[in-house]
Amino acid sequence: MISNDATQSTKGTVYQLCVAVQKCFEMLAGQKVFLESEGDVTIANTEQVETKLYSDRLTDGHKNLWNTLRNWMQPGFDEGLYASLILYTTQQFGEKATIAQWNDCSADERIKILDAIHANFEKRFEAEQKESGATPKPSEVLSLQRIVLEQKNRDKLKRIAAKFVIEASSATLPDLHSLIKDRFIKGILNGKKDDFLNALIGYVAQPGATKNQKWEITFDQFDKKVGDLTSAYCRETRSFPSKCFQGTNPLPANQLKQHQEHNFVLKIKEIEHHAVIAEAIRDYLGAMQTLNEELSKYEVPASRGERYAQDILTLFTKRYRVACSKCKDQKIDSQNFFDEHTASPPNDFEGFTHTPFGFRNGVIHIQMEDAPKNLKWKLEPNE
């Protein structure tokens, strides 16, 4: 990692936005979610959340704990506006952390925990002074503790401690993605849920505020956005996933070699149409990958693929019968039949538009692999 690498900081921002999306889903009518106003994420009049994406342990002396308390202890922060003050962190509690029992304690007991931690830090600091014979600068955490635990602010600290919840071991960034998709994003195909969530994160990430306005998302605004996205992602007809049929790069030699003895290739060799073999293998592999992987992202039932294959088979059989009745030169007419059939407009796959030629042709080659169906390109002239 280079010295100015901001990857972790950026991930922390994305994490904050994901938590904001989660809180937007949890809003009730009339509520608002604020970002970077009172803190990281805030549901007005309900809760204020500080988000931390960290992998190390949450110990008694971790900066995240004391910095969060310091933020809430500032004179401009009104804790009375919130029912809950939450430290939402991916960190697990340290093995010896006394704060691990925090959520089960009363406000008075929580103050005692903080005082005891601070006393230990001051004791170690005094020991360092004696050992060095000088007056070392207090650590950042000790300085934070002194600010938080100032005697003049004890009443406010007690009110904050009573509302302070530590949500340690919170979902990591990938787990938070999954949690939001599973709990809140309903009626969207699994293969499209990532796009749906990313669109919501992008929406939340746009402050749309002037310097005199707060970065906020209202219940009605978020509800409308979710409705618009649901409508966009739930349309019955979708453009066919054509990932496997983009470009015309030559197939690797090993793939060409591996398929030379497949039934569908042998049936092309039977009519001596060698120029189309590489394309046929590419279409066959593309159709197999689309059926087994790409269409599964759209939760397409297997029955739909079976119906499509049956329609392809029915049309092929009819065209083959007509071509046989007109056949004069078996090799040339068989090659022409192959070219005309594979170049004809493909049927649309149910629920999709713009089905690629390559997919339809790949399905034909898959059918050619099925020996009992006895399909072939070689025409049999009528006597």
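Just the heavy atoms: all of them, side chains too, but no hydrogens, waters or symmetry mates, feed the values below. Since we're looking at a predicted model, the values are computed, not measured.
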Notebook entry, point to check: Ser344 and Arg360: which non-hydrogen atoms are nearest, and at how many Å?
Noted result: O-NH2, 2.8 Å
Margin query: Side chains of Gln260 and Lys269 only: does a donor on one sit below 3.5 Å from an acceptor on the other?
Written below: yes
Margin query: Run Asp108 and Lys158 through side chain to side chain contact (heavy atoms under 4.5 Å, CB included) and show every step you take.
Written below: CA-CA 7 Å; Asp108 288 332; Lys158 187 172 180 178; 2.9 Å; yes
Margin query: Checking Asp155 now: which residues fulfil salt bridge (charged side-chain N to carboxylate O under 4.0 Å, His left out) with it, not counting sequence neighbours?
Written below: none
Check: How long is the span from the OG1 atom in Thr68 to the CE atom in Met73, to the nearest 0.5 Å?
Finding: 13.5 Å
Notebook entry, point to check: When rounded to the nearest 0.5 angstrom, what is the spacing between OG1 in Thr218 and NZ in Lys225?
Noted result: 13.0 Å
Note to self: Please say yes or no: joined through hydrophobic side-chain contacts below 4.5 Å, possibly via intermediate residues, are Ile166 and Val49 part of one cluster?
What the structure shows: no
Note to self: Between Asp56 and Lys63 (salt bridge meaning N to carboxylate O under 4.0 Å), is one present in this structure?
What the structure shows: no
Margin query: My understanding is that only residues two or more places apart in sequence, or in another chain, count here; which of them pass side chain to side chain donor-acceptor pair (under 3.5 Å) with Thr314?
Written below: Gln310
Checklist line | Test log, rule side-chain hydrogen bond (donor to acceptor under 3.5 Å, both in side chains), inputs Asp60 and Thr98 | finding: CA-CA 6 Å; Asp60 288 346; Thr98 59; 2.9 Å; yes
Margin query: Taking the ring centre of each residue, are Tyr15 and Tyr54 less than 6.0 Å apart?
Written below: no
Check: Under a 4.5 Å side-chain heavy-atom rule over Ile, Leu, Val, Met, Phe, Trp and Tyr, are Ile332 and Phe337 clustered together?
Finding: no
Checklist line | Side chain Gln16, main chain Gly12, donor-acceptor under 3.5 Å | finding: no
Item checked: Polar side-chain atom of Gln31 near backbone of Leu28 as donor-acceptor pair, under 3.5 Å -> yes
Notebook entry, point to check: Under the 3.5 angstrom rule, does the side chain of Asp333 hit a backbone N or O of Lys328 as a donor-acceptor pair?
Noted result: yes
Margin query: salt bridge (charged side-chain N to carboxylate O under 4.0 Å, His left out) for Arg154 and Asp115? Distances and angles first, verdict last.
Written below: CA-CA 11 Å; Arg154 281 286 162 146; Asp115 282 334; 2.7 Å; yes
Next item on the list: Inspect the contact between Lys163 and Glu79 and indicate whether a charged nitrogen and a carboxylate oxygen are less than 4.0 angstrom apart.
Entry: no
Item checked: With sequence neighbours excluded, residues passing side chain to side chain donor-acceptor pair (under 3.5 Å) with Asn67 -> Arg70
Note to self: For a 4.5 angstrom cut-off between non-hydrogen side-chain atoms, does Ile364 reach Phe264?
What the structure shows: no
Notebook entry, point to check: Only one of Leu256, Ile277, Leu251 forms a side chain to side chain contact (heavy atoms under 4.5 Å, CB included) with Arg282, so which one is it?
Noted result: Leu251
Next item on the list: Taking the six-membered ring for Trp and the full ring for Phe, Tyr or His, determine whether the centres of Phe93 and Trp102 are under 6.0 Å apart.
Entry: no
Margin query: Pair Leu69, Leu144 - check side chain to side chain contact (heavy atoms under 4.5 Å, CB included), show working.
Written below: CA-CA 9 Å; Leu69 282 167; Leu144 289 170; over 6 Å; no
Next item on the list: Please report the C-alpha distance between Val41 and Glu36 in whole Å, then the side-chain angles of each, then the deciding distance to 0.1 Å, and finally whether the side chain to side chain contact (heavy atoms under 4.5 Å, CB included) criterion is met.
Entry: CA-CA 7 Å; Val41 181; Glu36 299 295 343; over 6 Å; no
Check: What's the shortest heavy-atom distance between Leu197 and Ile180, and which atoms?
Finding: CD1-CG2, 3.8 Å
Check: Do the side chains of Leu87 and Phe164 get nearer than 4.5 Å, heavy atoms only?
Finding: yes
Checklist line | Rounded distance (nearest 0.5 Å) linking atom NZ of Lys193 with atom CG of Asp182 | finding: 6.0 Å
Check: Going by the angle between their ring planes, with limits at 30° and 60°, are Phe240 and Phe359 parallel, tilted or perpendicular?
Finding: tilted
Check: Can you list the residues that meet the side chain to side chain donor-acceptor pair (under 3.5 Å) rule with Lys326, with sequence neighbours excluded?
Finding: none
Next item on the list: Taking the side chain as every heavy atom from C-beta outward, state whether Ile113 and Glu109 have any pair of such atoms under 4.5 Å apart.
Entry: no
Check: If you look only at pairs with a residue in residues 365-376, which of them pass as a side-chain hydrogen bond (donor to acceptor under 3.5 Å, both in side chains), with sequence neighbours excluded?
Finding: His262-Glu369, Gln367-Lys373, Lys376-Glu380
Checklist line | Criterion side-chain hydrogen bond (donor to acceptor under 3.5 Å, both in side chains) on Glu122 and His118, from CA distance to verdict | finding: CA-CA 6 Å; Glu122 291 288 6; His118 178 224; 2.9 Å; yes
Note to self: Just so I know, are the side chains of Glu261 and Val265 near enough to count as touching, which here means a heavy-atom distance under 4.5 Å?
What the structure shows: no
Notebook entry, point to check: Any chain of hydrophobic side-chain contacts (each under 4.5 Å) joining Val363 to Leu285?
Noted result: yes
Margin query: Could you report the tightest heavy-atom contact between Phe338 and His273, atom names first, then the distance?
Written below: CD2-CD2, 3.9 Å
Notebook entry, point to check: Of the non-hydrogen atoms in Cys18 and Leu176, which two are nearest, and what is the gap between them?
Noted result: CB-CD2, 3.5 Å
Next item on the list: Kindly work out whether a path of hydrophobic side-chain contacts (I/L/V/M/F/W/Y, heavy atoms less than 4.5 Å apart) joins Ile86 to Ile160.
Entry: no
Item checked: Short side-chain to backbone donor-acceptor contact, Ser334 and Leu379, under 3.5 Å -> yes
Next item on the list: Would you name the heavy atoms of Ala20 and Val33 that are closest together and state the gap between them?
Entry: O-CG1, 4.5 Å
Next item on the list: Enter the distance from Leu179:CG to Ser170:OG here, rounded to the nearest 0.5 Å.
Entry: 10.0 Å
Check: Do Leu114 and Leu157 come within less than 4.5 Å of each other through their side chains, counting heavy atoms only?
Finding: yes
Item checked: Salt-bridge criterion met for Arg57 and Glu95 (N-O under 4.0 Å) -> no
Check: Can we say Glu270 and Lys267 salt-bridge, meaning some charged N sits less than 4.0 Å from an Asp/Glu carboxylate O?
Finding: no
Item checked: Heavy-atom check, side chain of Tyr320 versus side chain of His341, under 4.5 Å -> no
Next item on the list: Can you see which heavy atom on Tyr88 is nearest to which on Ala171, and at what distance?
Entry: OH-N, 4.4 Å
Next item on the list: With side chain to side chain contact (heavy atoms under 4.5 Å, CB included) as the test, would you mind laying out the steps for Tyr308 and Thr355 before giving the verdict?
Entry: CA-CA 11 Å; Tyr308 184 82; Thr355 304; 3.7 Å; yes
Next item on the list: Please examine the side chains of Leu85 and Phe77, heavy atoms only from C-beta on, and report whether any two atoms are closer than 4.5 Å.
Entry: yes
Margin query: Less than 6.0 angstrom separating the ring centers of Trp377 and Phe316, yes or no?
Written below: yes
Notebook entry, point to check: Among pairs that include at least one residue of residues 19-53, which meet ring-ring contact (aromatic ring centres under 6.0 Å, His included), considering only residues two or more places apart or in two chains?
Noted result: Phe25-Phe184, Phe25-Phe222
Check: Leu173, Val204: one ILVMFWY side-chain cluster at the under-4.5 Å cut-off?
Finding: yes
Checklist line | Validation row: Thr230, Phe196 side chains within 4.5 angstrom (heavy atoms) | finding: yes
Item checked: NZ-NZ distance between Lys181 and Lys192, expressed to the nearest 0.5 angstrom -> 13.0 Å
Notebook entry, point to check: Out of curiosity, His177 NE2 to Asp194 CG, how far, rounded to the nearest 0.5 Å?
Noted result: 7.5 Å
